[in-house]
Amino acid sequence: MSSSSSTSRAGEQGPSFRYTPALANEIEEKWQSWWDSHGTFVQPNPGEPGFDGSRPKFFCMDMFPYPSGAGLHVGHPEGYTATDIISRYKRMKGCNVLHPMGWDAYGLPAEQHAINTGEHPAAFTRKTIDTFRRQLKRFGFSYDWTREFATIDEGYYRWTQWIFLRLYNAWYDEDQRRARPIAELVAEFKAGKRPLRYNSKAAEYAHAPGVTAQTVAGPWEQVDYETRRSVVDSYRLAYVSEQLVNWCPKLGTALANEEVIDGRSERGSHPVVRKPLRQWMMRITAYADRLVEDLADVDWPESTRSQQAEWIGRSEGAEIDFPLLDPDKSVTRTLRVYTTRPDTIFGATYMVIAPEHPLVASALEEGRPETDVEAVEAYVARAKSRSDVDRQADAKTKTGVFSGIVAINPATGEEIPVWIADYVLMGYGHGAIMAVPAHDERDFEFARAFGLRIRDVVLSRVHWAMAYFARHATEEERGGNGWLAHLADFLGLVTSTNAEPDHMPALLERARATRPETGAGGGDAGVGRRGATQGEWLETIASMGFGSFDDLRDAFARGTIVERFGIAYSGAGHAINSANDGVSLDGLSTAEAKQRIIAWLEERGIGRRKVNYKLRDWLFSRQRYWGEPFPIVYDERGFHFPVDESKLPVTLPALEDFKPEESLDPQPLLAKAKEWVRTTASEVGVGELPPDAIMRRETNTMPGWAGSCWYYLRYCDAKNGGRFVGREAERYWMTGRAGGSGASDVPRPIGGVDLYIGGNEHAVLHLLYARFWHKVLFDLGDVSTPEPFQKLFHQGLITSYAYQRSDKTLVAVDVVDNRGTEEKPRYFARDTGEEVAQITAKMSKSLKNVVNPDDVIADYGADTFRLYEMYMGPLEASKPWNTRDISGLFRFLQRLWRLAVSEETGELRVAGGASEAHGEIEKLLHRATVRVEQAIEKLSFNTAIAALIEVVNAATSSVGAENGPGLTRGQLERLSLVLCPFAPHVAEELWSRLGREGACSLAAWPGVDESLLRDSEVELPVQVQGKVRARIRVSADADDPTVTAAALAEPKVAELLGGRAPKKVIVVRGRMVNVVV
RNA sequence: GGGCCUGUGGCGGAACUGGCAGACGCAGGGGACUUAAAAUCCCCAUCGCCGAAAGGCGAGUGCGGGUUCGACUCCCGCCGGGCCCA
């Protein structure tokens, strides 16, 4: 169906002054240009003319879009309408509202376009921005367009470069837990206050060649320039490092870990290989702890917070030293491992070292009889020829060889073999593990392949209960096959009460006490109900294949449950078989067991608590053209220097050809600009070198995330030419008193943007990077809050209907027919005649179910579009677009219009005095106003709109057949005001037709008469035994005895009571009455 | 496999903190107006059974249990869907 054919359906013909799509479009364009020319939504900053400091502030922001060539899709305006409603509402409530829009404009698609067409990315991007802006303006969003910018503007990216230099010139002080200027570090080195030593974090995370935490360079005065530089550089938050990177030959760039999915590029799905490259890195790992901790103080969706926490992947584990037996049985060495599950140490039945581990060499040298030198050498040689990726890839088939070395499990005192296997990687942890086959899948596979011992040391709740039963069943309970029923009964009780090990004795007693004497059939109600699940448990136990009670008991006693089931149990549970003379973990939960064993290890000096992170430093270089150039130059020796602040921005060179060299030996694209690359020290303001020293510019560019890391700050003061954001503007918008209950629910709100709405696809990357930069700026005193975004909200995806064949493949909407009825639709694919199922799916070109917002606006107007998208359902839910439903919202506006404007004459229709009907409507209007307020605060726009519809419907009904006016002037005015955030154009038009001066959008939100919110008399349902049997009318403030008496007086209630006195009567004030017999 | 979310009429969805399930909209049925259609306005509408009707009875928020005077809402287990991470 073409979009234009539906135009007539919205009602083009009819009376001349009807609210038609044409009229809607006319009204909307009129008010949009009125707002523009009157600067209605321009929000002055503190100190500027027109700024009113007595008002609270509200900073309400969308995730700015990347303007793609395809233009706006219906997903964009969903979040934008939501923030617009909030912003308009807050403004009417008397807030200073910062509601800006801008463009995330550097990125791969424009460069790909340049490669394909030769059109310069800048020219192309400017065009797409113009399209986006035009489309957005047509929605009537109340952005302060004077603050608009794109990340590609010189006035913006010079400050992106400036912030890069802030990071470059900063280091993380572990003691103070904050970033500090690098100059302070240098000063401490010079003064000898701090030993001149490489950054231990650099050694750990960057794997800088030849650098270890222990390396001490000596006093500052005694070391050469190069050493000083390399020591200082190892501390910078932005640093250069030779990294194994994800190199994508096809895209001609390295990618961040976050941008690689299953070995392919997130964008374009091209193969990615690991390759060593000198890269700029951001030391985000320094902030790992704070990035996790501060999640507690922001008002964010739980799912997003847990995604970030998971990405950072903080795990508390332990480092443990396992003693190694020398050939003469003495112990002179230990083998250090890291584990996140120290609680399973009693189940460590062997160890594994990586083929590259230094211990391998000593095993070969020592010449123990147990060492098969040939086999070990062959294995190590083979492992060397394989990459990490390969080694991980075919992890299913475990290979390995016994080293001949034997270690001692410090918890059990047992001698355990040390194996060499390539499933342990040298680059991770210490290149050695304690293997706990019962509770780690890889260890389990390996143990099975090589016949190593598997011993349970953690049991799930059910297994724990079974073990308890196995130990404590009475002679009678074990007899014959009776134990099966008793166990099933017990397990039913355990699982229904969520029992902990401590509760087992009591539960077993209870099971015995309530056990029916004669097996199934008899017993009290409690046992009968429990019996319902007993059957299931009988089946479950049967499937475990225990031949007898003795078999069960032995399996648990020997700790061979995992082995029996053939699958490792890696979850949390409770410890078992985990005790020695010094410590017992038995019965402790996994979390408790970890703490206790770590305490024991530390006490004995053989292990220590150790925190580990999954988060790696952020790879910050791209070998592309369309990104911010680095403000960095190199001298002829290869040392890097910052471009002086006064020389910013570093602009991109002109380039003819944007095609990357598809190669395994990467060259950044900017290296092609030979003229640009070559510069001098004076040109870039490097003062410590002679002015005419030849310098070479950094040819990498920044990743697409750079510009979006701080744009919210720039909105506060978008035109500032002297600073990235003015101090006062930043302090006002980021920390000022937030208006309304936009205040957050978290215990210690920490300020920042009051509401930030965008898709959850940015849950990790953008939001993590932005938080990181913000924290650095906070530490350096450049911003006032530790977090950028106080409240975050994700709008759901707008999906569309599509069709699915029985084999789950999808069918486009234009080749499917409905051969059923409207009520019972049945869909068939036109080509094959196969019946297909209607499902919801992402809008996509191939499914032919993409909706273009421009068409919808042409057909119904922007007000209807806004209402429809907000009415579809909860903002956070993903929901299907259904064009058919739009007409309901259009009709709503049409009815409202008809209430106020005569369709025949175009004249205003206003009721005079207050008739009886108007009294009811007055109440309804006040109540709707309150409902709308509450709904907006909860972002529950669908229910707010429902309340507005109810008012209009009631007013329409009251008009009745005589066709007279339905609402008074005052009522129409107030209705326009509460409608204004949702459908601002209609509201403005009615407002002005009602003769009001100025913008409805800036008028004060209407007050509410509390006395009209409550009825004097209420109808209460009377329940008998929880079923509604009668209704009574009582005064709203009637006390409980009065209500009880009225309820019992109801004939129906009396009849059901049959003369008996009720056992209890529950009165819920203003809600209902429940009579319990 | 793990984490988070989710399951309510033909459809989208309401339901405050445990208190009348199905607000509001779409689609549907009936009526008024009209020569007619459209548009508009009014009424009906979860399902089953009884009844000519008024009305009555019963069931009902994925399934099975539990807690409670009372459960869409809380707890346990299962099944299905989505997103994220492996």
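Chain naming here is simple, since letters A, B, ... match the order of the sequence lines and numbering starts at 1 in each. Only heavy atoms go into these numbers, but all of them, side chains included; no hydrogens, no water, no symmetry mates.
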Discussion item. So for A:Arg884 and B:C11, does any side-chain atom that can act as donor or acceptor lie under 3.5 Å from a complementary atom in the base?
Written reply: no
Worksheet, complete the sentence: Taking B:C42, B:C85, B:G12 as options, the one with an atom nearest any side-chain atom of A:Pro880 is B:G12
Worksheet item: A:Arg18 has an atom CZ; how far is it from atom C1' of B:C41, in whole Å?
Response: 12 Å
Worksheet item: Do A:Gln1023 and A:Val1028 have side chains that get closer than 4.5 Å, going by heavy atoms?
Response: yes
Worksheet item: Given the C1' atoms of B:A14 and B:A21, what is the spacing between them in whole Å?
Response: 10 Å
Worksheet item: Side chain of A:Gln1023: nearest nucleotide among B:C69, B:G19, B:C42?
Response: B:G19
Fill in: N or O in side chain of A:Ser887 less than 4.0 angstrom from B:C26 OP1/OP2
no
Discussion item. Any base atoms under 4.0 Å from A:Pro301, or only sugar-phosphate, or nothing? Heavy atoms, all strands.
Written reply: nothing
Discussion item. Whether the side chain of A:Asp885 and the base of B:C26 hold a donor-acceptor pair under 3.5 Å is what I'd like checked.
Written reply: no
Practice prompt. Could you give the distance separating B:G58 and B:C41 at their P atoms, to the nearest angstrom?
Written response: 39 Å
Sub-3.5 Å pairs of nitrogen or oxygen atoms, protein against nucleotides 55-60 of chain B:
{"unit_1": "B:C57", "atom_1": "OP1", "unit_2": "A:Lys1052", "atom_2": "NZ", "d": "3.1"}
{"unit_1": "B:G58", "atom_1": "OP2", "unit_2": "A:Arg1029", "atom_2": "NH1", "d": "3.4"}

Worksheet item: Which glycosidic conformation, syn or anti, is assigned to B:G9 if syn requires a torsion within 90° of zero?
Response: syn
Discussion item. Give me the stems containing RNA chain B, sorted by first residue, counting only three or more consecutive Watson-Crick or G-U pairs with both distances under 3.5 Å; say none if there aren't any.
Written reply: B:1-7 with B:79-85, B:10-12 with B:24-26, B:28-32 with B:40-44, B:46-50 with B:55-59, B:62-66 with B:74-78
Item to complete: Verify, without hydrogens or angle tests, whether A:Glu441 (side chain) and A:Ala568 (backbone) share a donor-acceptor contact under 3.5 angstrom.
Response: no
Worksheet item: Quick check: does any side chain N or O of A:Arg866 sit under 3.5 Å from a backbone N or O of A:Ala983, one acting as donor and the other as acceptor?
Response: no
Worksheet item: What is the distance, rounded to the nearest whole Å, between atom CZ of A:Arg305 and atom C1' of B:C4?
Response: 12 Å
Item to complete: Quick one: list whatever passes salt bridge (Lys or Arg N to Asp or Glu O under 4.0 Å) with A:Arg1031, sequence neighbours left out.
Response: A:Glu1019
Worksheet, complete the sentence: Which of A:Ile85, A:Thr81, A:Val932, A:Leu867 passes side-chain contact (heavy atoms from CB on, under 4.5 Å) with A:Phe941? Answer is A:Ile85
Worksheet entry | Distance between C1' atoms of B:A27 and B:U46 (Å, rounded) | 16 Å
Fill in: A:Asn612 vs A:Ser315 side-chain heavy atoms within contact, under 4.5 Å
yes
Practice prompt. Grab the CG-C1' distance between A:Leu948 and B:A14 for me, whole Å please.
Written response: 15 Å
Worksheet item: Mind checking what makes salt bridge (Lys or Arg N to Asp or Glu O under 4.0 Å) contact with A:Glu1010, not counting sequence neighbours?
Response: none
Fill in: 5'-most by nearest nucleotide on RNA chain B - A:Leu889 or A:Val1068
A:Val1068
Worksheet entry | Value in whole Å for how far the C1' atom of B:C26 lies from CG of A:Leu867 | 15 Å
Discussion item. Please enumerate all residues that pass side-chain contact (heavy atoms from CB on, under 4.5 Å) together with A:Val851, with sequence neighbours excluded.
Written reply: A:Val74, A:Met843, A:Val856, A:Trp881
Worksheet entry | P atoms of B:U35 and B:G25, separation to the nearest Å | 30 Å
Practice prompt. Using the P atom as the reference point in each nucleotide, state the distance between B:A71 and B:C20 in Å, no decimals.
Written response: 11 Å
Worksheet, complete the sentence: Whole-Å distance, A:Asn953 CG to B:C42 C1', equals 12 Å
Worksheet, complete the sentence: The nucleotide from B:G13, B:C42, B:G19 with an atom nearest the side chain of A:Pro874 is B:G13
Worksheet item: Counting heavy atoms not belonging to A:Glu761, are there more than 12 under 6.0 Å from its CD?
Response: yes
Worksheet item: Who are the salt bridge (Lys or Arg N to Asp or Glu O under 4.0 Å) partners of A:Arg898, not counting sequence neighbours?
Response: A:Glu903
Worksheet entry | For atom NZ of A:Lys614 and atom C1' of B:G3, their distance in whole Å | 10 Å
Worksheet item: Considering only the C1' atoms, how many Å lie between B:A45 and B:G22, rounded to the nearest integer?
Response: 12 Å
Worksheet item: Rounding to a whole Å, what distance do you find between A:Tyr860:OH and B:C26:P?
Response: 12 Å
Worksheet item: A:Asn942 near the nucleic acid: base, sugar-phosphate alone, or nothing, with a heavy-atom cut-off under 4.0 Å?
Response: sugar-phosphate
Worksheet item: Which nucleotide in the set B:C83, B:C42, B:G2 lies at the smallest distance from any side-chain heavy atom of A:Ser957?
Response: B:C42
Discussion item. Just to be sure I understand the rule, does A:Arg898 reach a base, reach only the sugar-phosphate, or reach nothing, if contact means heavy atoms closer than 4.0 Å?
Written reply: sugar-phosphate
Practice prompt. Could I get the full list of salt bridge (Lys or Arg N to Asp or Glu O under 4.0 Å) partners for A:Asp440, not counting sequence neighbours?
Written response: A:Arg442
For nucleotides 45-47 of chain B, print each protein N/O atom paired with a nucleotide N/O atom at under 3.5 Å, atom names and distance only.
none

Worksheet, complete the sentence: Of the candidates B:C69, B:G25, B:G3, the side chain of A:Ser306 sits closest to B:G3
Worksheet entry | side chain to side chain donor-acceptor pair (under 3.5 Å) against A:Glu1050, all qualifying residues, sequence neighbours excluded | none
Discussion item. Distance check, P atoms only: B:C47 and B:U61, in whole angstrom units.
Written reply: 15 Å
Fill in: Nearest-Å distance for atom pair CD1/P, residues A:Ile312 and B:C84
19 Å
Worksheet item: Excluding sequence neighbours, so at least two apart, what forms side chain to side chain donor-acceptor pair (under 3.5 Å) with A:His926?
Response: A:Glu922, A:Arg974
Item to complete: Using a cut-off of strictly less than 4.0 Å, decide whether A:Arg891 has a side-chain nitrogen or oxygen near OP1 or OP2 of B:A39.
Response: no
Worksheet item: Base, sugar-phosphate, or nothing: which does A:Met872 touch, judged by heavy atoms less than 4.0 Å apart?
Response: sugar-phosphate
Practice prompt. Looking only at side-chain atoms of A:Trp311, point me to the closest of B:C41, B:C85, B:A39.
Written response: B:C85
Worksheet item: Taking only residues two or more places apart in sequence, or in another chain, which ones meet A:Thr340 in a side chain to side chain donor-acceptor pair (under 3.5 Å)?
Response: none
Worksheet item: Quick one: which of B:C24, B:C20, B:G13 gets closest to the side chain of A:Glu950?
Response: B:C24
Practice prompt. Report the residues that fulfil side-chain contact (heavy atoms from CB on, under 4.5 Å) with A:Gln307, sequence neighbours left out, ordered by chain and then residue number.
Written response: A:Ala763, A:Val764
Worksheet item: Of the candidate nucleotides B:C4, B:G13, B:C24, which contains the atom at the shortest distance from the side chain of A:Ala946?
Response: B:C24
Worksheet item: Starting at the 5' end of RNA chain B, which residue's closest nucleotide do you reach first, A:Glu302 or A:Arg895?
Response: A:Glu302
Item to complete: Just compare B:C85, B:C24, B:G19 and give me whichever is closest to any side-chain atom of A:Ile949.
Response: B:C24
Item to complete: Write down the distance separating the C1' atoms in B:A15 and B:U73, rounded off to the nearest Å.
Response: 10 Å
